[in-house]
Amino acid sequence: MAAAFEAKIYDAGSRFYEGEIVSLVVPSSDGMYGILAHHRNVVLNIVPGDMHYELPDGRVVNARISEGMLRVKNGEALLLATSITLPEDEEKRRERELKEEREEAQLQKKSIAEYKEAEIMLARAVHGLKVNLHNHEDGKQL
């Protein structure tokens, strides 16, 4: 089993993960950058993309990451990013957005139908007024 090291991963000030990991791979401007135990001290800019880390039990956690930075100091990793999302969170977000788009489309359809109905009622009212005005001009009582 590979050696583990301490990692603290935060997004927008909240804790995403804290604990031991075996490896960490993040996107950087120079490509994917990997960290293992006993890595040299480094500070690295992170670019948006996919990251993953392996836990001591062998599970691998995949996530989308925004811009941020990674610091490895004395064998510990500190990763700070604007946002980090798990694939299942991304799927829930997409489902929510699709639902909101469908609801908006339904509201648009309803609004268009209400507008057309109001337009018809207005046309009828205007027609009625014209008929009454015409009848009044002919000397008939309203």
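These figures come from a predicted structure and were not determined experimentally. Computed from heavy atoms alone, side chains included, the values below leave out hydrogens, waters and symmetry copies.
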Q: Tell me, with the steps shown, if Ile84 and Arg64 meet side chain to side chain contact (heavy atoms under 4.5 Å, CB included).
A: CA-CA 6 Å; Ile84 304 172; Arg64 295 279 303 158; over 6 Å; no
Q: In sequence, state the C-alpha distance, the side-chain angles, and the governing distance for Leu86 and Phe16, and then conclude on side chain to side chain contact (heavy atoms under 4.5 Å, CB included).
A: CA-CA 10 Å; Leu86 297 170; Phe16 184 80; 3.6 Å; yes
Q. Do Leu55 and Val22 pass the side chain to side chain contact (heavy atoms under 4.5 Å, CB included) test, and can you show the C-alpha distance, the side-chain angles, and the key distance before you say yes or no?
A. CA-CA 6 Å; Leu55 301 171; Val22 174; over 6 Å; no
Q. After noting the C-alpha distance and the side-chain angles of Glu54 and Arg59, does the key distance pass the side chain to side chain contact (heavy atoms under 4.5 Å, CB included) rule?
A. CA-CA 6 Å; Glu54 183 181 351; Arg59 288 182 295 142; over 6 Å; no
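In this structure, Leu24 is not a member of the same hydrophobic cluster as Leu78, with clusters built from ILVMFWY side-chain heavy atoms closer than 4.5 Å. One hydrophobic cluster, built from ILVMFWY side chains closer than 4.5 Å, holds both Val42 and Leu70. No continuous path of ILVMFWY side-chain contacts below 4.5 Å connects Met51 to Leu36, so the two sit in separate hydrophobic clusters. Following chains of ILVMFWY side-chain contacts shorter than 4.5 Å, one can reach Ile21 starting from Leu44, so the two form part of one hydrophobic cluster.
Cluster note: Met32 groups with Val25 through ILVMFWY side-chain heavy atoms spaced under 4.5 Å, whether in direct contact or through intervening members.
Between the Asn41 side chain and the Asn74 main chain, a donor and an acceptor come within less than 3.5 Å of each other. Ser23 places no side-chain N or O within donor-acceptor distance of the main-chain N or O of Ile35, the cut-off being under 3.5 Å.
Considering all non-hydrogen atoms of both residues, Pro27 and Pro48 come closest at CG-C, 4.2 Å. Closest approach of Phe5 and Ala37 over heavy atoms only: CD2-N, 3.5 Å. In terms of heavy atoms, Ser83 sits closest to Ser66 at N-OG, 2.7 Å. Scanning both residues, Arg40 and Tyr33, for their nearest heavy atoms gives NH2-OH, 3.5 Å.
Just one of Leu79, Val43, Leu80 meets the side-chain contact (heavy atoms from CB on, under 4.5 Å) condition when paired with Arg71; it is Val43.
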List the atom pairs, with distances to 0.1 Å, where a side-chain N or O of residues 103-124 and a protein N or O form a donor-acceptor pair under 3.5 Å, not counting sequence neighbours.
from, atom 1, to, atom 2, distance (Å)
Glu104, OE2, Gln108, NE2, 3.2

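By the 4.5 Å heavy-atom criterion applied to side chains, Asp11 and Thr82 are not counted as neighbours. Between Val47 and Ser28, every side-chain heavy-atom pair lies at or beyond the 4.5 Å cut-off.
Partners of Tyr53 under the ring pair (Phe, Tyr, Trp, His ring centres under 6.0 Å) rule, at least two apart in sequence or in another chain, are Tyr17.
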